[in-house]
Amino acid sequence: MKFILTGVPGAGKSTVCNRLLERTSDVSVVNYGDMIFEDAKKLYPSLIQVREDVRKLPRDEYKNIQVEAARKISLIKGNVVIDTHMSVKTPYGFYPGLIPETLHIIQPDGIILLEFNPRDVIARREKDRLAGKRVTRDSESEEEILLHQQVNRMYAISYSAINQCYVKIIDLTWPQQYDFQHTDYAVGKIIEMLNFKL
Amino acid sequence: MKFILTGVPGAGKSTVCNRLLERTSDVSVVNYGDMIFEDAKKLYPSLIQVREDVRKLPRDEYKNIQVEAARKISLIKGNVVIDTHMSVKTPYGFYPGLIPETLHIIQPDGIILLEFNPRDVIARREKDRLAGKRVTRDSESEEEILLHQQVNRMYAISYSAINQCYVKIIDLTWPQQYDFQHTDYAVGKIIEMLNFKL
Amino acid sequence: MKFILTGVPGAGKSTVCNRLLERTSDVSVVNYGDMIFEDAKKLYPSLIQVREDVRKLPRDEYKNIQVEAARKISLIKGNVVIDTHMSVKTPYGFYPGLIPETLHIIQPDGIILLEFNPRDVIARREKDRLAGKRVTRDSESEEEILLHQQVNRMYAISYSAINQCYVKIIDLTWPQQYDFQHTDYAVGKIIEMLNFKL
């Protein structure tokens, strides 16, 4: 099975990926944004310094790099979880993380949306900031985080309509009883999906 | 005119189709899921026993069967109402009922969404269950039914964006004054749409 | 940059376009609906009298006209703002203003959604009506206007998923301190976006 895994920044998606790799060896996890950034940096070293720079590329160049990364993912055998963003929030508005061409190449079985309580997202981001991580990230209100999650849902459904695949919403808006309970729950659900046979 | 008619399971879509056929002879009603299931069963008798099994087929086989059913529908002359699901709820998440290829073949004039009060849906499903119908159906909360309706709306709009057609929301969330008032109202609206000329 | 600018009818989109042209000469503003209507009237003078008539055309003819208008827009050099509707509300339901083919030709950098407080929209429409403008427009409830805005958001995201571009929501739901404050704010944001370099 190939699943695209998404969630708003700073909510705990990478933690879910790391825990997933601890819990099972039967899956490859790839970070789509990293793959695109690495390729873009190699091809346009003068233009591309940080991840956001990739959107500076001429549309066709950027598309080629996305397609190339998708092709690499399509060659991975066995279960794959593709860590990516449904959409990125920028000063121009929301920007989609996938295109019909890359979907067609990756042929994901499904898109998984991790949906969080905005208050938890804010708390986790603040913890990151205090730990000196991602200190340049703009702070967002609960309303803005909620909007981003709604927008991501719509992108997921659009992609699924374009390239028939499942859309799984993993609801993590309930209060945790212990640290990383959301992580454990999400990892459990993802493993269930990787093993599920119709 | 060709309309795709959708609504969450157990809310009364089939009743609407039956009543529509009683009220007018100027329309064909086809059940897209049934057509796909029948074809799949004929082609893969050992694999396909129940409707859900069709999603076990390799992606390309399943696509071929969907395309073949769409082709049959495209050959029907006159008014056609296609009874189907925008999305099906499964353990993997929501799964879309249509793909760009089948939309392109069917060329629907519009997609009709029957939207219900979740409480009414629960009551109708309970009535079914007590009558011994669809007893294996999982029970759902009001929130889950509401989410499914919202997800279906997004699928409808995505399909309409892909293959320019109308999206008509028939609101049936108001309280009925008598049994089957929602059915009568929906049938009236559908007949209006079949007869409407711009 | 090429941006598609949208907002529900009667909310102030044209006013935004006019003020934008007063504030900067570095942009062309085109009205997509007008372009399509003019072309359709020339080609089918007996059939097309008012704008709504364009949807009476056979699907292929209508598509050709949309594509031709998109091609004209694609030839305009420099910044372009395309004034259009994400969707039009009709007796058949919502009808999308764009198709994948025209998006592919126009290659917009982004879609801008002007989102208003439904109460403001109703007040502005009433002002129009009292001034004898657009007197045939159907009156709508706050709920209906809200739904239309939500539907437009979903169309924008679907289009953006189909043809990778930004979706910018300009929130104008806050109360104005003076007349045309929303207009000034929206124009400021659009100019920012026209000048923005990643």
Side-chain angles (χ1 to χ4, degrees), chain A residues 4 6 36 40 47-67 70 85-104 111 141 143-144 146-163 165 167, chain C residues 1-7 74 79 81 86-87 96 98-101 103-115 146-147 149-174 186 188-198:
Chain A
I4 290 171
T6 78
I36 289 171
L47 195 65
I48 311 289
Q49 265 90 46
V50 295
R51 274 175 73 137
E52 287 68 35
D53 289 342
V54 297
R55 289 195 309 280
K56 288 183 193 168
L57 294 172
R59 197 178 266 239
D60 283 346
E61 307 298 309
Y62 183 33
K63 192 171 154 181
N64 288 341
I65 291 171
Q66 290 180 76
V67 163
H85 292 291
M86 278 294 91
S87 71
V88 181
K89 206 177 154 183
T90 80
Y92 279 110
F94 297 103
Y95 194 76
L98 294 166
I99 50 175
E101 291 85 348
T102 52
L103 276 170
H104 186 75
I111 298 172
S141 66
E143 237 180 5
E144 289 173 305
L146 206 61
L147 173 61
H148 197 174
Q149 291 197 144
Q150 288 169 344
V151 164
N152 283 349
R153 228 188 233 190
M154 295 180 205
Y155 273 114
I157 289 172
S158 291
Y159 291 139
S160 155
I162 291 170
N163 199 77
C165 70
V167 172
Chain C
M1 309 291 289
K2 276 199 178 68
F3 289 111
I4 290 171
L5 180 69
T6 78
S74 75
N79 291 328
V81 167
M86 277 294 90
S87 71
L98 294 167
I99 49 175
E101 291 84 346
L103 276 170
H104 186 75
I105 295 168
I106 296 175
Q107 290 284 336
D109 294 287
I111 298 172
I112 301 171
L113 295 164
L114 303 178
E115 291 192 348
L146 206 61
L147 173 61
Q149 290 197 146
Q150 286 170 344
V151 164
N152 283 348
R153 228 188 233 188
M154 295 179 204
Y155 273 113
I157 289 171
S158 290
Y159 291 139
S160 154
I162 291 170
N163 200 75
Q164 202 166 35
C165 70
Y166 293 92
V167 171
K168 177 73 174 180
I169 297 171
I170 299 184
D171 176 18
L172 303 168
T173 58
W174 39 271
K189 283 282 168 196
I190 295 167
I191 290 177
E192 249 177 69
M193 289 182 71
L194 291 171
N195 293 323
F196 189 80
K197 291 282 161 280
L198 251 171

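Naming convention: chains lettered A, B, ... in sequence-line order (proteins, then strands); numbering from 1 in each chain. Side chains included, hydrogens not; waters and symmetry mates left out as well; all remaining heavy atoms used.
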Could you list which of residues 153-160 of chain C have a heavy atom closer than 4.5 Å to any heavy atom of chain A, in residue-number order?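 Residues of residues 153-160 of chain C touching chain A at under 4.5 Å: C:Arg153, C:Met154, C:Ile157, C:Ser158, C:Ser160.
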
Looking at A:Arg59 and C:Asp109, what are the two nearest heavy atoms and their distance?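 Taking A:Arg59 first and C:Asp109 second, the nearest heavy atoms are NH2-CA, 3.9 Å.
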
Please say whether more than 12 non-hydrogen atoms of neighbouring residues, nucleotides or ligands are located less than 6.0 Å from NZ in A:Lys89.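 Yes, NZ of A:Lys89 has more than 12 neighbouring heavy atoms, counting only those of other groups under 6.0 Å.
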
State which residues pass ring-ring contact (aromatic ring centres under 6.0 Å, His included) with A:His148; sequence neighbours excluded, sorted by chain then number.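 Scan of A:His148 (ring-ring contact (aromatic ring centres under 6.0 Å, His included), adjacent residues dropped) gives A:Phe94.
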
Using 0.5 Å steps for rounding, measure from the CD1 atom of A:Ile99 to the CD1 atom of C:Ile162.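 The CD1 atom of C:Ile162 is 13.0 Å from CD1 of A:Ile99, to the nearest 0.5 Å.
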
side-chain hydrogen bond (donor to acceptor under 3.5 Å, both in side chains) against A:Gln66, all qualifying residues, sequence neighbours excluded: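 Partners of A:Gln66 under the side-chain hydrogen bond (donor to acceptor under 3.5 Å, both in side chains) test: C:Gln164.
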
Qualifying residues under ring-ring contact (aromatic ring centres under 6.0 Å, His included), relative to A:Tyr62, sequence neighbours excluded: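 Partners of A:Tyr62 by the ring-ring contact (aromatic ring centres under 6.0 Å, His included) criterion come out as none, since no residue qualifies.
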
Segment of A:Glu101 engaging chain C (4.5 angstrom heavy-atom cut-off):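 Neither part.
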
Which heavy atom in C:Lys168 sits nearest to a heavy atom in A:Tyr92, and how many Å separate them?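 Nearest heavy atoms, C:Lys168 then A:Tyr92: CB-O, 3.3 Å.
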
Interchain contact, C:Glu192 with chain A, by part (heavy-atom threshold 4.5 Å):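 For C:Glu192, neither part sits under 4.5 Å from chain A.
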
Side chain, backbone, both or neither: which part of A:Val151 has a non-hydrogen atom closer than 4.5 Å to chain C?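 For A:Val151, the contact with chain C is made by backbone and side chain together.
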
Looking only at non-hydrogen atoms, find the nearest pair between C:Tyr166 and A:Gly93 and report the distance.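 That would be CD2-O, 3.9 Å.
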
